[in-house]
Amino acid sequence: MSQWRGYASRQGVSITFKMSGLRSCFSDLDAELLQVAYGINEAKRHLKSVIAEKFPDIVDDIDYLLGTEKNDEIRRKFKDLLATLVPRFKHFGFREEQEWRLVIRNPPTDKLKFRPRGQLMLPYLELKSKKKKLPISAVRIGPGVNDDAVEKSVKFFLETRGYDPDLVKPSSTPYRT
């Protein structure tokens, strides 16, 4: 229930994708689909593992990695790796999300769009799938005041775009007890 309340102000919709199909939709991007790790211990474990995999010869000598100017290429690769990994970590308090993220390296700044959220302007990219349809495997209607109306409208929306409306199911969690 905390997910619905935290991310959907009155009524939320959760979309589940087939992982392999999602990867193939955006295979032309310099991107990776990554599972989020929650908490500092998981983050440290994952960082050590990835750094050891990507930099096997220097993992024991971090001074070498961050060393002199002649090592600019190594530093650049290391910074690129960290930039890819940073979006992968979240505070342990969010662990119930079980989130995956499509992390795009070096997004083209001329394609960035912005949307307001509170006092901030958040950047985003509009992604176009190489395929006509996204690999949606389920759509869950969150608990809310107008569950039936939302479910009908989402089914209609999906059906008009060539998706099976039976993918849509209401949440079993009640809005009020």
Side-chain angles (χ1 to χ4, degrees), residues 1-9 11-56 77-108 111-113 115 117 122-144 147 150-173:
M1 184 57 134
S2 62
Q3 292 295 303
W4 296 116
R5 287 193 173 143
Y7 290 106
S9 59
Q11 182 89 48
V13 176
S14 169
I15 304 171
T16 304
F17 297 95
K18 296 175 191 150
M19 188 84 68
S20 62
L22 196 58
R23 281 191 175 107
S24 68
C25 283
F26 304 110
S27 61
D28 57 333
L29 295 173
D30 183 15
E32 209 172 345
L33 196 57
L34 300 172
Q35 187 172 18
V36 172
Y38 299 95
I40 192 71
N41 292 333
E42 182 66 19
K44 285 179 182 178
R45 184 195 64 72
H46 186 75
L47 280 172
K48 286 178 184 177
S49 169
V50 170
I51 291 170
E53 177 187 325
K54 301 282 184 183
F55 297 93
K77 287 181 179 177
F78 188 69
K79 287 178 184 177
D80 286 349
L81 175 65
L82 288 178
T84 300
L85 292 173
V86 167
R88 186 171 190 169
F89 304 113
K90 285 182 94 169
H91 187 275
F92 188 73
F94 293 97
R95 69 190 174 282
E96 69 184 61
E97 293 178 344
Q98 300 177 16
E99 182 178 345
W100 286 75
R101 293 181 173 178
L102 182 66
V103 178
I104 302 171
R105 288 177 285 277
N106 304 311
K111 303 271 193 235
L112 282 176
K113 295 188 176 194
R115 63 181 171 84
R117 186 168 106 197
L122 299 178
Y124 70 95
L125 286 174
E126 271 188 21
L127 299 177
K128 304 288 186 208
S129 172
K130 292 186 334 184
K131 301 179 178 190
K132 289 191 185 263
K133 294 188 337 183
L134 292 171
I136 297 173
S137 60
V139 178
R140 179 78 55 198
I141 305 299
D147 293 356
V150 172
E151 183 177 346
K152 286 177 185 173
S153 69
V154 171
K155 283 183 174 188
F156 181 66
F157 172 80
L158 290 175
E159 193 170 26
T160 62
R161 280 150 179 78
Y163 292 92
D164 180 359
D166 291 335
L167 293 172
V168 180
K169 304 286 184 233
S171 171
S172 59
T173 306

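A 4.5 Å side-chain heavy-atom check between Leu22 and Leu102 finds every atom pair outside the cut-off. Within the 4.5 Å cutoff, side-chain heavy atoms of Ser137 are placed close to those of Thr16. No side-chain heavy atom of Asp147 sits less than 4.5 Å from a side-chain heavy atom of Pro170. Using a 4.5 Å cut-off on side-chain heavy atoms (C-beta onward), His46 and Phe89 make contact.
Atom CZ of Phe156 has 12 or fewer heavy atoms from other residues, nucleotides or ligands within 6.0 Å.
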Criterion side chain to side chain contact (heavy atoms under 4.5 Å, CB included) on Ile15 and Leu134, from CA distance to verdict: CA-CA 11 Å; Ile15 304 171; Leu134 292 171; over 6 Å; no
From CA spacing to verdict: side chain to side chain contact (heavy atoms under 4.5 Å, CB included), Glu99, Tyr38: CA-CA 10 Å; Glu99 182 178 345; Tyr38 299 95; 3.2 Å; yes
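Nearest approach of Pro87 to Val36, heavy atoms of both residues: O-CG2, 4.4 Å. Of all heavy-atom pairs spanning Asp164 and Asp166, the tightest one is OD1-N, 2.8 Å. Across all their heavy atoms, Cys25 and Pro135 have their closest contact at SG-CD, 3.6 Å. Closest approach of Leu167 to Ile136, counting heavy atoms only: CD1-O, 3.8 Å. When every heavy atom of Pro108 is checked against every heavy atom of Leu125, the shortest pair comes out as O-CD2, 4.3 Å.
In this structure, Lys133 NZ and Leu158 CG are separated by 9.5 Å, a value rounded to the nearest 0.5 Å. Here Tyr124 contributes atom OH and Leu112 contributes atom CG; the two are 10.0 Å apart, rounded to the nearest 0.5 Å. Distance check, rounded to the nearest 0.5 Å: NZ of Lys155 to NZ of Lys169 gives 6.0 Å.
A donor-acceptor contact shorter than 3.5 Å links the side chain of Arg88 to the backbone of Gln35.
Test Arg101, Arg95, Glu42 against Lys90 for side chain to side chain contact (heavy atoms under 4.5 Å, CB included) and you get one pass: Arg101.
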